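All remarks here apply to the structure that follows.
Here the structure is a predicted model, which means the values were calculated and not measured.
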Amino acid sequence: MNVLNWFRNIKSNWNTWTILSILFIVIILLPSLSIILQFAAETNENWLHIKEYMLNTYIVNSVILVLFVGLFTAIIGSSLAWIISAYDFPLRGFFQWGLILPLAIPPYIGAYTYHGILNYTGVIQTTLRNQWDITVNQQYFNIMNMPGAIFIFVIFLFPYVFTITKAFLARQSTALIENARILGTSSWRIYYRTVLPIARASIVAGVSLVILEVLNDYGVVKYYGIQTFTTAIFQTWFGLGDLDSAIKLSGTLMLLILGLLVLERVLRGRKRFSFTTTKVRLLQPVKLQGKRKWLAFGYCMFVFGIAFIIPFIQLIYWAMLTYDQSFSVEFLQVIGNTIGVAFVAAAIITIMAVVISNVSRLNRGLFSKVFPKVTILGYSIPGAVIAVGVVSLFIGLDKQIYEWGFTSSYILSTSIVMLIFAYIVRYLAVAYNSVESGFERIGTQFTDASRILGNNVTKSFFKVDIKLIRGAIFGGFILAFIDILKELPLTLILRPFNFETLATNAFNYATNEMIHEAALPSILIICISAISIYAFHHVLERE
């Protein structure tokens, strides 16, 4: 309430909103600027060794993961979006939001779960030995390799492509698809020759999010023993104690990501598809009959089964075995830490997103077109890279504070403030996109009318705008909350001493080969995320 009262009592409304927006964006840029400024520093022996013998491995492994995960998520996500949007079959209503649920399972949790299912003591091999006296070659069930990592990323990240493509197809006019059907084109050819071209921008946007998640990941590649930039940053920083080389690795990865973002803009192309008439009939699903409806149902159920049902059931079984050992007062503290820090960070992120979006909407100049786009920078940079930038920034601030006469030289860099700051930098773009879409939907006419009636910018926002975009604000908060809940690399690096979250708790158990004990915190992450996803889907349906 104090924050709301402070906003309401602002006298110089517009100037204050603009200053706040600029301040927030500068804050987002600080970690990246810290890395850029130190990237050109003098090299040391560790960096020369990494550059000569190991850098190529990091680049090749990262590129292989990005290419194959991007390709398979594009195929699975777009095909599911087409089937759900164009056809009616059993449980279609459930699959519309059920196929988003794999996002509730962080890839690192899926990685150790599937390893536990497929290894020698897992349910599959144990059943084969005990029930049918069949002993199989272990290499056929070894998932801890590059193909296994690709499989994990694909089945738990395809909902990014599915969600964005389905949203596009749901708004698309039926004219092109109906014309193709009249000409006798098969469903497969309609999908390949019509749907894919018109939905290309949406598919590429979804794949871009998948690629950023892959490059951000630490849990899967660390657990499966694959050398990528993220694991290299951890090893260089904590294994060698060399922050300077970690900064150079981070800068190199930033350059790689910049190239990928440029490539993404090229792949989107300049083609645009929009309605050419006001008489628009949105895409209506065609009811399938016979074996075709069961094929569609079987495909959706198969993907949903391997991406959510199987790992979730396995985790429940493990949790039942170790519940007495895992559940304790300390574990309740871990739950409180997780929800508390995620709630606070998501709330701050949402407030910042609202301020920046509102200034961007009401400002007609270059500011509204260019400056707010900086908010996506944090999400395009992996967590380990942001962590490097945040640590170097906060160490510099602590040194300055120490020079001002404080007795402790590590006030900020050992506090929860640093972790929350990093969350804000990384996930502001998530809430911003949601809030911006809400503002785009209502336009400025209601605000203009309120201003004509004598209300200033702040009063107009609280009396008019916020009531019209409540769903978008809530959606931005939920999305940021879910991402922070699952975040691993940032939390591992920046958490204060003795501060555990559900994500770090599950990961630490898994890396110590205590997979059964990792099940309970993993299930809580999944359940909280799943409830949040359902709430977000419900909000979208009401909008």
Which pairs of donor and acceptor atoms, one on a side chain in residues 330-339, lie under 3.5 Å apart (sequence neighbours left out)?
from, atom 1, to, atom 2, distance (Å)
Glu330, OE1, Ser328, OG, 3.2
Gln333, NE2, Asn337, OD1, 2.9
Asn337, ND2, Gln333, O, 3.4
Asn337, ND2, Glu500, O, 3.1
Thr338, OG1, Val334, O, 2.9
Thr338, OG1, Leu502, N, 2.8

Problem set entry | Gly110 versus Ile152, closest heavy-atom pair with distance | O-CD1, 3.7 Å
Exercise. Just wondering, do Leu428 and Ile356 contact through their side chains at under 4.5 Å, heavy atoms?
Worked result: yes
Exercise. Will you find, in the side chains of Thr511 and Tyr112, an N or O donor that is under 3.5 Å from an N or O acceptor?
Worked result: no
Seminar exercise, completed: Across all chains, not counting sequence neighbours, the side chain to side chain donor-acceptor pair (under 3.5 Å) partners of Tyr427 are Glu487
Problem set entry | Listed partners of Thr236 passing side chain to side chain donor-acceptor pair (under 3.5 Å), at least two apart | none
Exercise. Quick one: ring-ring contact (aromatic ring centres under 6.0 Å, His included) partners of Phe68, sequence neighbours excluded?
Worked result: none
For this session: Dump the intermediate steps for side chain to side chain contact (heavy atoms under 4.5 Å, CB included) on Thr228 and Tyr58, then the final yes or no.
Result: CA-CA 4 Å; Thr228 64; Tyr58 302 148; 5.9 Å; no
Seminar exercise, completed: Only residue of Ile349, Ile386, Ile420 satisfying side-chain contact (heavy atoms from CB on, under 4.5 Å) with Val425 is Ile386
Problem set entry | pair Pro102-Ile155: side-chain heavy atoms closer than 4.5 Å | no
Seminar exercise, completed: One should read off an interatomic distance between Ile478 CD1 and Ser529 OG, to the nearest 0.5 angstrom, of 10.0 Å
Problem set entry | For the student: nearest non-hydrogen atoms of Leu101 and Ala530, plus distance | CD2-CB, 3.9 Å
Exercise. If you measure from CD on Glu213 to NZ on Lys486, what distance do you get to the nearest 0.5 Å?
Worked result: 7.0 Å
Exercise. Judged by atom type as modelled, is there a donor-acceptor pair below 3.5 Å linking the side chain of Tyr224 to the main-chain atoms of Ala111?
Worked result: yes
For this session: Taking the side chain as every heavy atom from C-beta outward, state whether Ile59 and Phe229 have any pair of such atoms under 4.5 Å apart.
Result: yes
For this session: Please report the closest heavy-atom contact between Ala480 and Ala346, naming both atoms and the distance.
Result: CB-CB, 4.2 Å
Seminar exercise, completed: Closest non-hydrogen contact found for Phe477 with Ala347 is CE1-N, 3.6 Å
Exercise. With a 4.5 Å limit on heavy-atom distance, are the side chains of Phe499 and Leu419 in contact?
Worked result: yes
For this session: Could you tell me whether the side chain of Pro311 reaches within less than 4.5 Å of the side chain of Ile105, counting heavy atoms only?
Result: yes
For this session: Verify the ring-centre separation between Phe308 and Phe156: is it less than 6.0 angstrom?
Result: no
For this session: Tell me, please, which residues at least two apart from Leu479 pass side chain to side chain contact (heavy atoms under 4.5 Å, CB included).
Result: Val430, Phe536
For this session: Report the residues that fulfil side chain to side chain donor-acceptor pair (under 3.5 Å) with Thr73, sequence neighbours left out, ordered by chain and then residue number.
Result: none
Exercise. Among all residues two or more places apart in sequence or in another chain, which pass the side chain to side chain contact (heavy atoms under 4.5 Å, CB included) test with Met146?
Worked result: Asn61, Ile64, Leu65, Ile150, Ile226
Exercise. Do Phe481 and Ile528 have side chains that get closer than 4.5 Å, going by heavy atoms?
Worked result: yes
For this session: Please assess Ser522 against Phe507 for the test side chain to side chain contact (heavy atoms under 4.5 Å, CB included), listing each intermediate value before the final yes or no.
Result: CA-CA 9 Å; Ser522 300; Phe507 180 76; over 6 Å; no
Exercise. Is the NZ atom of Lys222 crowded by more than 12 outside heavy atoms at less than 6.0 Å?
Worked result: no
Problem set entry | Nearest-0.5 Å distance, CG of residue Leu249 to CZ of residue Phe234 | 12.5 Å
Problem set entry | Short side-chain to backbone donor-acceptor contact, Asn505 and Thr501, under 3.5 Å | no
Exercise. Are Pro159 and Leu99 close enough that some pair of their side-chain heavy atoms sits under 4.5 Å apart?
Worked result: no
Problem set entry | ring-ring contact (aromatic ring centres under 6.0 Å, His included) involving Tyr223 - partner list, sequence neighbours excluded | His115
Exercise. Given the rule in the side chain to side chain contact (heavy atoms under 4.5 Å, CB included) test, do Phe474 and Thr350 qualify, once you have shown the distances and angles that lead to the verdict?
Worked result: CA-CA 8 Å; Phe474 178 72; Thr350 306; over 6 Å; no
Problem set entry | Distance in Å, Ile526 CD1 paired with Ile531 CD1, rounded so as to fall on 0.5 Å steps | 12.0 Å
Exercise. Of all residues at least two apart in sequence or in a different chain, which pass the side chain to side chain contact (heavy atoms under 4.5 Å, CB included) check with Ala387?
Worked result: Trp237, Leu490, Ile493, Leu494
Problem set entry | CD-CG distance between Glu52 and Leu48, expressed to the nearest 0.5 angstrom | 8.0 Å
Seminar exercise, completed: OG (Ser62) and CG (Leu67) are apart, to the nearest 0.5 Å, by 10.5 Å
Exercise. Does Phe497 have any ring-ring contact (aromatic ring centres under 6.0 Å, His included) partners at least two apart in sequence or in another chain, and if so, which?
Worked result: none
Tell me which donor-acceptor pairs under 3.5 Å the side chains of residues 214-221 have, and how far apart each pair is, sequence neighbours excluded?
from, atom 1, to, atom 2, distance (Å)
Asn216, OD1, Gly383, N, 2.3
Asp217, OD1, Val220, N, 3.4
Asp217, OD2, Val220, N, 3.0
Asp217, OD2, Val221, N, 3.2

Problem set entry | Side chains of Leu103 and Tyr160 in contact at under 4.5 Å (non-hydrogen atoms) | yes
For this session: Quick one: do Tyr114 and Phe151 satisfy side chain to side chain contact (heavy atoms under 4.5 Å, CB included)? Show the steps, please.
Result: CA-CA 10 Å; Tyr114 265 102; Phe151 167 76; 4.2 Å; yes
For this session: Give a yes or no on whether the ring-centroid distance for Phe153 and Phe72 is below 6.0 angstrom.
Result: no
Exercise. With Ala81, which residues qualify under side chain to side chain contact (heavy atoms under 4.5 Å, CB included), at least two apart?
Worked result: Phe162, Thr165, Lys166, Leu169
